Amino acid sequence: MKWENTSNPRSLQAATTAATKILGLPTIRDEHTRIADAAARERPSHNAFLAEVLTAECDDRDRRSTIRRVNGAGFPRSKFLADFDFDANSNINPATIHQLATGEWVRKGQPLCLIGDSGTGKSHLLIGM
């Protein structure tokens, strides 16, 4: 690896931007400066810094993948469990919903029926899951 350009922040920025474009790493391209600045303050190990950068990319890919799947499913509108207001309906147990969101009941071929009045969040929960 070539370390001679490490004293020039602009060349580092350009090299990182070019490499992340070639490798298809949009989150690292967008977030590496913020993460590097935080690392300069907190002084993690090189491995911890690398893990932070790669985890940010993985998390964002997972988020974008979820959005693509929801959009591809053709639902009438996008809904996510993270946006559901569990406080608005105290009859809904968040732990139960998050357990259902794992999809284990689908893999086992078990049915699911949500019953409730209009506006209680049935469609939101089903689309979110």
Side-chain angles (χ1 to χ4, degrees):
M1 179 160 259
K2 299 178 184 179
W3 300 103
E4 63 270 8
N5 293 327
T6 58
S7 61
N8 184 345
R10 280 192 165 154
S11 65
L12 287 173
Q13 179 78 18
T16 302
T17 299
T20 54
K21 282 184 181 179
I22 291 168
L23 295 172
L25 301 169
T27 305
I28 293 175
R29 182 181 64 242
D30 295 342
E31 298 291 325
H32 77 276
T33 301
R34 181 190 60 76
I35 295 171
D37 289 347
R41 288 188 305 276
E42 298 169 17
R43 309 195 87 30
S45 69
H46 292 87
N47 287 335
F49 173 74
L50 181 60
E52 177 70 23
V53 171
L54 294 175
T55 299
E57 183 69 40
C58 291
D59 290 347
D60 196 47
R61 281 185 182 205
D62 186 50
R63 182 190 61 78
R64 290 189 319 266
S65 175
T66 298
I67 290 170
R68 277 192 305 277
R69 285 193 312 273
V70 169
N71 291 338
F75 293 127
R77 58 199 163 277
S78 296
K79 299 288 184 177
F80 299 95
L81 285 181
D83 300 330
F84 189 79
D85 183 7
F86 287 100
D87 295 331
N89 189 335
S90 60
N91 293 326
I92 299 174
N93 182 342
T96 300
I97 298 303
H98 292 299
Q99 176 62 34
L100 289 171
T102 66
E104 188 61 32
W105 60 279
V106 175
R107 287 185 281 285
K108 290 180 178 179
Q110 297 173 329
L112 175 67
C113 180
L114 299 182
I115 301 170
D117 293 333
S118 178
T120 56
K122 298 179 301 295
S123 295
H124 188 139
L125 290 172
L126 288 172
I127 293 170
M129 285 192 281

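Just so you know, residue 1 is the first one in the sequence shown, and it goes up from there. Note that the coordinates shown come from a computational prediction; the quantities given were computed from them, not determined experimentally.
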Decide yes or no on side chain to side chain contact (heavy atoms under 4.5 Å, CB included) for F86 and I97, but give the supporting numbers first.
CA-CA 10 Å; F86 287 100; I97 298 303; 3.8 Å; yes

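- Looking only at side-chain heavy atoms (C-beta outward), T33 and T16 stay at 4.5 Å or farther from each other.
- Judged as a side-chain contact (heavy atoms from CB on, under 4.5 Å), and not counting sequence neighbours, the contacts of P26 are R29, E57, R64.
- Salt bridge annotation for D60-R63: present, with a cationic side-chain nitrogen under 4.0 angstrom from a carboxylate oxygen.
- L54 CG to F49 CZ: the interatomic distance, rounded to the nearest 0.5 Å, is 9.5 Å.
- Rounded to the nearest 0.5 Å, atoms OG1 (T102) and CG (L100) are 7.5 Å apart.
- Between R61 and T27 the shortest side-chain heavy-atom distance does not fall below 4.5 Å.
- The structure places NZ of K79 at 10.0 Å from CZ of F84, a figure rounded to the nearest 0.5 Å.
- Cluster annotation: L12 and I28 are assigned to distinct hydrophobic clusters (Ile/Leu/Val/Met/Phe/Trp/Tyr, side-chain heavy-atom contacts under 4.5 Å, transitive).
- Residue L114 holds its CG atom at 8.5 Å from OG1 of T120, rounded to the nearest 0.5 Å.
- Two different hydrophobic clusters hold L25 and I67 under the rule that ILVMFWY side chains link at heavy-atom gaps under 4.5 Å.
- Residues that satisfy the ring pair (Phe, Tyr, Trp, His ring centres under 6.0 Å) test with H32, not counting sequence neighbours, are absent from this structure.
- For the side-chain hydrogen bond (donor to acceptor under 3.5 Å, both in side chains) condition, no pair includes a residue of residues 80-89, sequence neighbours left out.
- Rounding to the nearest 0.5 Å gives a distance of 7.0 Å between NZ of K122 and CG of D117.
- Environment of CZ in R43: sparse, with no more than 12 heavy atoms of neighbouring residues, nucleotides or ligands closer than 6.0 Å.
- How far CG of N47 is from CD of E52: 13.5 Å, rounded to the nearest 0.5 Å.
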